Structure formats: structure tokens, C-alpha cells
Amino acid sequence: MTTVGVPAGWPATEEEARAVQDELRGRVVLDEPGPPPGTGRVTGVDVAYDDERDLVAAAAVVLDAATLEVVAEATAVGRVSFPYVPGLLAFREIPTVRAALDALPCPPDLVVCDGYGLAHPRRFGLASHLGVLTGLPTIGVAKNPFTFTHDDPAGARGGSSPLLAGTEEVGRALRTRDGVKPVFVSVGHRVSLDNALAHTLALTPRYRLPETTRRADALCRRALREAVGTRAAGDVRDAPTAS
DNA sequence: GCGACAG
DNA sequence: ATCTTGTCGC
């Protein structure tokens with residue numbers, strides 16, 4: 001199991017983190033359609049936290065895009081690299097997520113993130129940031145509309161409506177299940193919005209959330225439990241004998 | 001100034 | 001994200 005420390009030079013303040021976003025934002029590629037939905041492999045990434053113990057666990061799960069069966073998976077555990085600040089989520093998740101991706105035995109191809117890409121106060125959310133750092137095509141599928149506005153999409157699966165920052169479309173609210181709250185899709189890096197929506201629908205044959213994020217969520221929680229269990233056992237072993 | 005705010 | 005039991009329903 002890979003263990004990750006906070007990378008050298010990682011931003012320590014909100015000001016530094018925002019400056020990094022402003023600098024890297026220009027490297028996002030928006031004029032590529034990305035891989036065709038339903039073909040090749042699609043990787044989901046997610047992270048679970050134990051702030052008390054300063055632990056983060058990340059998982060990367062590779063699915064066959066046609067069958068949605070698991071092809072490969074990897075996890076990594078690390079130290080919390082940044083506090084949760086709306087708009088700066090990437091600085092909290094990326095080091096451990098990258099370690100998990102690096103630990104995969106095969107190329108990640110398209111990466112589906114649990115959060116946003118372009119739909120971000122500075123148009124550089126987690127999915128875009130991860131895409132720029134890895135060079136991989138990425139999209140973001142979030143569970144909440146963040147600060148953005150949208151009309152309620154048509155009630156049937158496939159219904160969508162623009163996700164708006166003022167009048168600018170930064171993503172789409174997409175209904176993945178009939179009559180169920182939509183998910184919020186935005187482009188990360190090297191994928192078009194229409195393609196991101198098609199991928200999201202291809203990954204939701206049964207549940208609201210993409211199979212990629214469901215699998216990654218389950219795996220990173222398990223990895224965190226195991227890491228905590230290991231640490232707790234060590235603490236007990238190393239602790240002074242109680243009276 | 002206050003409240004909201006991906007995970 | 002995380003704290004948390006049972007419960008209603010397909």
C-alpha cells in the first residue's frame with residue numbers, strides 16, 4: 001500500500017492555493033471531445049477522511065466501459081494535505097488520488113471525479129486540476145449544485161438543464177434516474193460537455209451516481225477502515241500498560 | 001459585515 | 001466528508 005505525505009511545495013495557505021489555480025487554469029484543454037462513451041476503460045476516483053487521525057484514503061477503480069466490470073483497482077493512504085475550503089477541494093484530495101492512480105497496473109484513461117471541473121469559482125475545480133497535473137481526460141460528477149443555479153431538468157432519465165454561473169454555462173444538471181435528484185456534470189480536461197454527459201449516462205444503468213464513483217467510494221472507505229484499524233492496533237501495542 | 005458553499 | 005437505527009419501499 002502506498003503511503004503519501006504532503007508534497008514539497010504544496011500550498012499552505014488559501015492565498016497560495018488560489019494563486020496555483022490561477023496559474024494552472026490556462027493549461028486546461030477544452031477543444032478535445034475525449035474518448036467515446038461505452039468503449040475502452042473508465043476510472044473512478046474518490047477519497048475518505050479521518051481528520052481526527054489526520055488520515056486520507058484514496059481509491060482508483062478501473063472499469064471496462066462496455067460491461068462496467070472492474071478491471072483494476074488501487075488505493076493509497078496519506079496525510080491530510082489541506083483543510084476543506086469550498087473552492088479549494090483539490091488541494092485536499094489530489095496528492096493521495098494521484099498516488100492511487102500511479103499504483104494502478106494499467107493506464108487510467110478517462111477519469112471520473114467526485115466533484116467539479118470547470119464549474120468552479122475560478123473555473124478550475126478538482127477534475128480540471130487533476131487533469132492538468134496528469135494529462136488525462138477528466139470529468140466531474142457532483143452530487144450538489146455548489147453555488148450554481150439551474151432549472152429542474154425534465155423528470156425522466158436523460159433530462160438535463162444548464163448549470164449556470166450567472167449567465168455562463170459551466171456544466172449541466174443531469175437526471176440519471178427517473179424522478180430522482182439530478183447529478184451535476186462538468187468538464188474537467190480534454191473532454192467535451194456533451195461527451196461528459198454521455199459518459200455519465202453510460203455509467204448509470206441502475207443508480208443515481210456513476211458506477212465509477214460508487215466503486216471508488218466503497219473502496220476508499222474500506223481502505224480508510226483498514227488504515228485506521230492498523231493504526232489503532234499499533235497504538236494499542238505501543239501504548240503504556242494501563243493500570 | 002453575514003451567510004452559503006464540491007467533499 | 002462524517003456523526004448514525006430503524007424503516008419504508010421496489
Side-chain angles (χ1 to χ4, degrees), chain A residues 4 11 14 17-18 20-21 25 28 44-61 75-98 100 111-132 138-150 157 163-166 168-174 176-189 193 196 200 205-210 212-225 227-229 232:
Chain A
V4 191
E14 298 183 23
R18 287 189 208 98
V20 169
Q21 291 180 330
R25 178 175 46 206
V28 176
V45 292
D46 195 18
V47 173
Y49 299 96
D50 186 330
D51 287 282
E52 292 289 292
R53 297 182 177 79
D54 187 32
L55 281 179
V56 181
V61 179
T75 61
V77 173
R79 299 300 200 168
V80 174
S81 53
F82 209 84
Y84 173 67
V85 179
L88 301 178
L89 177 65
F91 296 94
R92 188 166 165 77
E93 308 216 327
I94 278 185
T96 320
V97 165
R98 286 201 72 174
V111 178
V112 179
C113 296
D114 190 8
Y116 279 119
L118 281 194
H120 178 273
R122 287 167 294 283
R123 305 295 178 268
F124 195 68
L126 170 64
S128 299
H129 200 146
L130 184 65
V132 164
T138 60
I139 67 173
V141 180
K143 300 182 286 295
N144 296 294
F146 202 8
T147 61
F148 306 104
T149 61
H150 64 93
R157 166 176 158 86
L163 188 63
L164 299 172
E168 177 186 358
E169 182 177 25
V170 293
R172 297 278 259 278
L174 174 67
T176 55
R177 308 302 308 157
D178 292 352
V180 172
K181 173 180 176 172
V183 297
F184 303 89
V185 180
S186 61
V187 163
H189 183 59
L193 182 54
T200 304
R206 170 142 194 205
Y207 298 102
R208 173 184 177 236
L209 297 180
T212 37
T213 60
R214 288 170 43 78
R215 301 308 266 257
D217 179 73
L219 183 56
C220 71
R221 290 187 197 221
R222 195 203 316 161
L224 182 64
R225 279 202 314 271
V228 169

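Just so it is clear, the structure is predicted and the values come from calculations on it, not from any experiment. Here is the naming used below: chain letters follow the sequence lines, and residue numbers restart at 1 for every chain. Just so it is clear, the values below take in all heavy atoms, side chains as well, and ignore hydrogens, waters and symmetry mates.
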Can you tabulate the close N/O pairs, meaning under 3.5 Å, that link protein atoms to atoms of nucleotides 2-7 of chain B?
{"residue": "dA6(B)", "atom": "OP2", "partner": "Y84(A)", "partner atom": "OH", "Å": "3.1"}
{"residue": "dA6(B)", "atom": "N7", "partner": "G87(A)", "partner atom": "N", "Å": "3.2"}
{"residue": "dA6(B)", "atom": "N6", "partner": "G87(A)", "partner atom": "O", "Å": "3.1"}
{"residue": "dA6(B)", "atom": "N6", "partner": "L88(A)", "partner atom": "N", "Å": "3.4"}
{"residue": "dA6(B)", "atom": "N6", "partner": "L89(A)", "partner atom": "N", "Å": "3.2"}
{"residue": "dA6(B)", "atom": "N6", "partner": "H120(A)", "partner atom": "NE2", "Å": "3.4"}
{"residue": "dA6(B)", "atom": "N1", "partner": "L126(A)", "partner atom": "N", "Å": "3.2"}
{"residue": "dA6(B)", "atom": "N3", "partner": "Y116(A)", "partner atom": "N", "Å": "3.2"}
{"residue": "dG7(B)", "atom": "OP1", "partner": "K143(A)", "partner atom": "N", "Å": "2.9"}
{"residue": "dG7(B)", "atom": "OP1", "partner": "K143(A)", "partner atom": "NZ", "Å": "3.3"}
{"residue": "dG7(B)", "atom": "OP2", "partner": "N144(A)", "partner atom": "ND2", "Å": "2.6"}

*State plainly whether the residues R221(A) and D46(A) are in salt-bridge range, i.e. N to O under 4.0 Å.*
no
*asked:* Run the salt bridge (Lys or Arg N to Asp or Glu O under 4.0 Å) test against R177(A) and tell me which residues pass, sequence neighbours left out.
replied: none
*More than 12 heavy atoms from other groups under 6.0 Å of CZ on R215(A)*: no
*Reported CZ-to-OG1 distance for the pair R157(A) and T176(A), which is rounded to 0.5 angstrom*: 7.0 Å
*Please answer whether the main-chain N or O of Q21(A) pairs with a side-chain N or O of R122(A) as donor and acceptor at a distance below 3.5 Å.*
no
_Y116(A) and F148(A) aromatic ring geometry - parallel, tilted or perpendicular at 30°/60° bounds_ = perpendicular
*Opening and closing nucleotides of DNA chain C in contact with chain A, under 4.0 Å to non-hydrogen atoms*: dA1(C) to dT2(C)
*For the atom pair OH (Y49(A)) and CG (L224(A)), what is the distance rounded to the nearest 0.5 Å?*
11.0 Å
